[in-house]
Amino acid sequence: MKIRAIIVACLTLCGAWPTLTPVVSPADDAPASSPPAAVAAVDFERDIRPLFSARCLKCHGGDEPEAGLNLASRQSAIDAGAITPGRIDESSLLERITSDDESVRMPPEGEPLTAQQIELLTRWVEAGADWPTHWAYRVLQTPTVPEPTSAELREWCQTPIDAFIAKGLEAASLAPSPPADRLTLLRRASFDLRGLPPTRDEVDAFLSDTSPDAWANCIDRMLASPQYGERWARHWMDLVHFAETHGHDQDRPRENAWPYRDYLIESFNSDKPYQQFVAEQVAGDVIDPLNPSAIVATGFLASGPWDESSLRDIRDDSIDREIGRYLDRDDIVTTVMSTFASTSVHCARCHDHKFDPIAQTEYYGLQAVFAGTDKANRAYDIDPQVTLRRAELVDQQARLAQLHAENPTSLWTTELATEIAAWEERVAAEAVLWQPMQYDTFVSQGGAGLKELDDASLLAEGSRPEKEVYVVEGRVPFERITAIRLDVLTDPALPMEGPGRADNGNLHLSEFRAYQIVDDEAGVLRELSIETPQADFNQEGWAITAAVDGNPNTAWGIDPEESKPHFAIFPTPAAANGSGEIALKVELQQIHGAGHVIGKFRLSATDADPALFSESAQIPFEVSQIIATEEATRTPEQLAELAYWYLNHEIDTELAALPLQQMVYAGTSRFEADGSFNPSETPRTIHVLHRGLITEPMDEARPGALSCLEEFPGALAVEDLTNEGA
């Protein structure tokens, strides 16, 4: 059924029958007759379930039922031997409720069951212990359309739905009110479908149209208007609790949430089939990955709140982070099931559902469906052909990385050597080659230890001071220098792999000061002025310019791009020394506090033209060292590294030339890391949690749908429509 058809049916009812008028007949006061209890068939919903609820489920229900007998489940009752359908002599339930022994009789407290209650249970078991599926999960049937007894009501019916309403009215001795006047109907339809009153021209046109199709044509025009989708998309957004901020304590705006809103408007206005509408929102990225609309549809999975503090700003390996993930998936599962199945599945997070036939294992099975899904900004292409080419290039990079890991020297071929040689000639005049400082001394004034590593970097060890100043002296092999480069690097020994020593891997560089050592013995220094520093990334409000402004209260920071290497370039009027070697002293002042100090860094310099600095990130330090080495003396390992970088660089260049991608805030496993908030490479392991406690994990959950939905023909197979990474 399409979205529009559902709304039209409801609208017709709302517009045509605004009120009900009671009809009193002489027989209204007569008591209804019913068959005696002794001969009436036992009905589970009417007779047995209320009895279990009142006298049994306090002990034999919930997640830890007494003696392992759960009388909220037919299968549990059978497995425990309490009920053997059709065999009263083999049903221990009947034995226990009829026992004269108070230590055996059930219920153990309160009055025994009455003779009538015992008889109901006995007859129910003897008849087969019919325990029907909850009405909400039964297979839909096409009912027989009733025919009202009253000729007036039969004449009043215009659709099959009217017949059911008429039958209900007749049973309640009510009659429909007269139809609303045409202007009232028009206003109701306009407000319901578009959220706007009809215009004067629309009123005049409708009132003057006396054709039999006037009303139908009016509805069709409103359904075809752009405002229809805007009106009804708003209702859908309310249903899925769509918001353009994260909620919780920080409530950061979601700048890319709006494409999902536009997807909803377009879906309603195009009268998209409901089955497609559902599937796209649950797993559009899987079922139709080349369709940008299907990608945007997964904004549904990210429509709810996101706890930035728990999911981004604390350690990834903390128990609070894991709790945050379970709660975030709970929101996704709850939204999916409440929206598409009208089921309050989230109760089963802590125990088997007390009202719906949903086990706790099934709830965590649904969480496992989304085990690789997070809420984040996901990039996508508008053009499917661009999507294909981007995927091909990414696949090439993946295969290149695998070959580099397994057999790196095989990357260097005769054909590639010729190509790289030509490339080196082209870029020789433009390349910025950085030479690392040859350190003479390096001191931590904060009391940490600095250790020199093979890659010419310095790693901070030992205690982490609140504030820090690194003083480094050394030499660079130039007759003049035009810039000093600071690389802040990652390392497994640092929090979040650094490059800072703060708990989240951040750092604050308050001031960068550099000096040329004119006379080492006499201690003569010349401070180098810094002109227009630049960095590959600047934290909002903490730009690299703050590191040279002379203000100790400002600093350069890298949040939320921790766990990645970064660099800053400090251009300086050429420092010269005719000896071919320049001695430098560099101070890295980190005095903002709170342990935001640099964990690993490298200092290097260049004599290249400053106009080329903006392109300097194209050639990383390690590669520049290989290029600076005479070709004849390069080792096979160096050639392999050069080949690997060059081939990756060529792919990156083509990727950068593709049209700019769009962004949507969606449920995805494809997103850029945000601090310690990283996509999961594989689905996370989900456990059934005893009473919902992260500290009491039980069996691993298997991805899957609810058993109560399995009998529905054509039902959405959740396990087959899992989101990316699940």
task = Using atom types as modelled and distance alone, determine if a side-chain donor or acceptor of Trp232 lies under 3.5 Å from a backbone N or O of Asp192.
result = yes
CA sep, side-chain torsions, deciding dist, call: Asp328, Leu311, side-chain contact (heavy atoms from CB on, under 4.5 Å) = CA-CA 9 Å; Asp328 196 51; Leu311 296 172; 3.9 Å; yes
message = Treating Glu280 as the side-chain partner and Thr298 as the backbone partner, does any N or O pair qualify as donor plus acceptor under 3.5 Å?
response = no
inquiry  = Quick test of your reading of the model: are Asp374 and Arg684 salt-bridged, counting only N-O distances below 4.0 Å?
reply    = yes
request  = Give the intermediate values and the outcome of side-chain hydrogen bond (donor to acceptor under 3.5 Å, both in side chains) for residues Asn70 and Ser73.
outcome  = CA-CA 6 Å; Asn70 185 356; Ser73 163; 5.7 Å; no
request  = Kindly indicate, with the supporting measurements, whether the criterion side-chain contact (heavy atoms from CB on, under 4.5 Å) is fulfilled by Val42 and Asp130.
outcome  = CA-CA 9 Å; Val42 179; Asp130 179 48; over 6 Å; no
request  = Examine the side chains of Asp352 and Tyr363 and answer whether a donor and an acceptor come within less than 3.5 Å of each other.
outcome  = no
inquiry  = We want to know whether Tyr263 and Gln281 form a side-chain donor-acceptor pair, criterion being a heavy-atom distance below 3.5 angstrom.
reply    = no
Check: Ala216 main-chain N/O paired with Asp213 side-chain donor or acceptor under 3.5 Å = no
Arg378 charged N/C atom sitting above Tyr665 aromatic ring, 6.0 Å / 45° = no
ask   = How about Ser309 and Gln250: does a side-chain donor come under 3.5 Å of a side-chain acceptor?
value = yes
ask   = What is the minimum heavy-atom distance between Ala175 and Leu169, and which atoms define it?
value = C-CD1, 4.4 Å
By salt bridge (Lys or Arg N to Asp or Glu O under 4.0 Å) - contacts of Glu308 (at least two apart) = Arg252, Arg312
inquiry  = Nearest 0.5 angstrom please: Leu239 CG to Ser342 OG, how far?
reply    = 8.0 Å
message = Tell me whether the count of non-hydrogen atoms from other residues, nucleotides or ligands lying under 6.0 Å of CZ in Arg187 goes above 12.
response = no
task = Taking only Lys NZ, Arg NE, NH1 and NH2, and the carboxylate oxygens of Asp or Glu, determine whether Glu202 and Arg221 approach each other closer than 4.0 Å.
result = no
inquiry  = Please check this pair: side chain of Asp47 against backbone of Asp43, looking for a donor-acceptor N/O pair closer than 3.5 Å.
reply    = yes
ask   = About how many Å separate CG of Asp262 and CD of Glu266, when rounded to the nearest 0.5 Å?
value = 9.5 Å
query = Taking the six-membered ring for Trp, are the ring centroids of Tyr260 and Trp236 within less than 6.0 Å of each other?
reply = no
key: Pair Ser344, His353: side-chain N/O donor-acceptor within cut-off below 3.5 Å   = yes
inquiry  = Is it the case that the side chain of Glu362 and the backbone of Ala359 share a donor-acceptor pair, with hydrogens and angles ignored and the cut-off at 3.5 Å?
reply    = yes
task = Would you sort out whether Tyr364 and Val688 count as a side-chain contact (heavy atoms from CB on, under 4.5 Å), showing the intermediate values?
result = CA-CA 6 Å; Tyr364 284 100; Val688 178; 3.9 Å; yes
note = Nearest heavy-atom approach of Tyr228 to Phe268 is CE2-O, 3.3 Å
Identified side-chain contact (heavy atoms from CB on, under 4.5 Å) partner of Leu366 from the options Val345, Ile358, Ile686 = Val345
task = Work out which heavy atom in Arg194 is nearest to a heavy atom in Ser225; give both atom names and the distance.
result = CD-OG, 3.3 Å
ask   = Are a donor atom and an acceptor atom from the side chains of Asn291 and Ser293 found within less than 3.5 Å of each other?
value = no
task = Can you run down the salt bridge (Lys or Arg N to Asp or Glu O under 4.0 Å) pairs that involve residues 654-669, sequence neighbours left out, and say none if there aren't any?
result = Arg389-Glu654
ask   = Is it true that the side chains of Asp162 and Thr159 contain a donor and an acceptor less than 3.5 Å apart?
value = yes
message = Could you measure the distance from the CG atom of Asp381 to the CZ atom of Arg390? Nearest 0.5 Å is fine.
response = 4.0 Å
request  = Side-chain contact test, heavy atoms from C-beta onward, threshold under 4.5 Å: evaluate it for Arg261 versus Glu244 and give yes or no.
outcome  = yes
key: Expected output: side-chain Gln662 to main-chain Ile382 donor-acceptor under 3.5 Å   = no
ask   = Of all heavy-atom pairs between Ala180 and Arg188, which one has the smallest distance, and what is that distance?
value = CB-NH1, 3.6 Å
query = For Thr335 and Asp331, what are the C-alpha separation, side-chain angles and deciding distance, and is it a side-chain contact (heavy atoms from CB on, under 4.5 Å)?
reply = CA-CA 6 Å; Thr335 301; Asp331 173 74; 3.9 Å; yes
ask   = Just by modelled atom types, is the Arg154 backbone N or O under 3.5 Å from a matching donor or acceptor in the Glu147 side chain?
value = no
task = State, to 0.1 Å, how close Ser190 and Pro198 come at their nearest heavy-atom pair, and which atoms those are.
result = OG-N, 3.3 Å
request  = Could you tell me the separation between the CG atom of Asp383 and the CG atom of Leu290, rounded to the nearest 0.5 Å?
outcome  = 10.0 Å
task = State, to 0.1 Å, how close Ala368 and Arg702 come at their nearest heavy-atom pair, and which atoms those are.
result = CB-C, 4.2 Å
message = Using the ring-ring contact (aromatic ring centres under 6.0 Å, His included) criterion, which residues pair with Phe44? Sequence neighbours excluded.
response = Trp124, Trp131
Nearest-0.5 Å distance, CG of residue Leu264 to CG of residue Asn269 = 11.0 Å
message = Can you confirm whether more than 12 heavy atoms, excluding those of Glu672, are under 6.0 Å from its CD atom?
response = no
Tyr326 six-ring face occupied by Arg329 cation (under 6.0 Å, within 45°) = yes
Side-chain donor or acceptor of Ser208 paired with backbone N/O of Ala205 under 3.5 Å = yes
key: Pair Arg670 + Asp285: basic N to acidic O under 4.0 Å   = no
inquiry  = Can you tell me how far apart OG1 (Thr668) and CG (Leu301) are? Round to the nearest 0.5 Å.
reply    = 9.5 Å
inquiry  = Can you confirm if the aromatic rings of Phe242 and Phe300 lie within a centre distance of less than 6.0 Å?
reply    = no
query = Can you tell me if Ser669 uses its side chain to pair, donor with acceptor, with the backbone of Pro679 under 3.5 Å?
reply = no
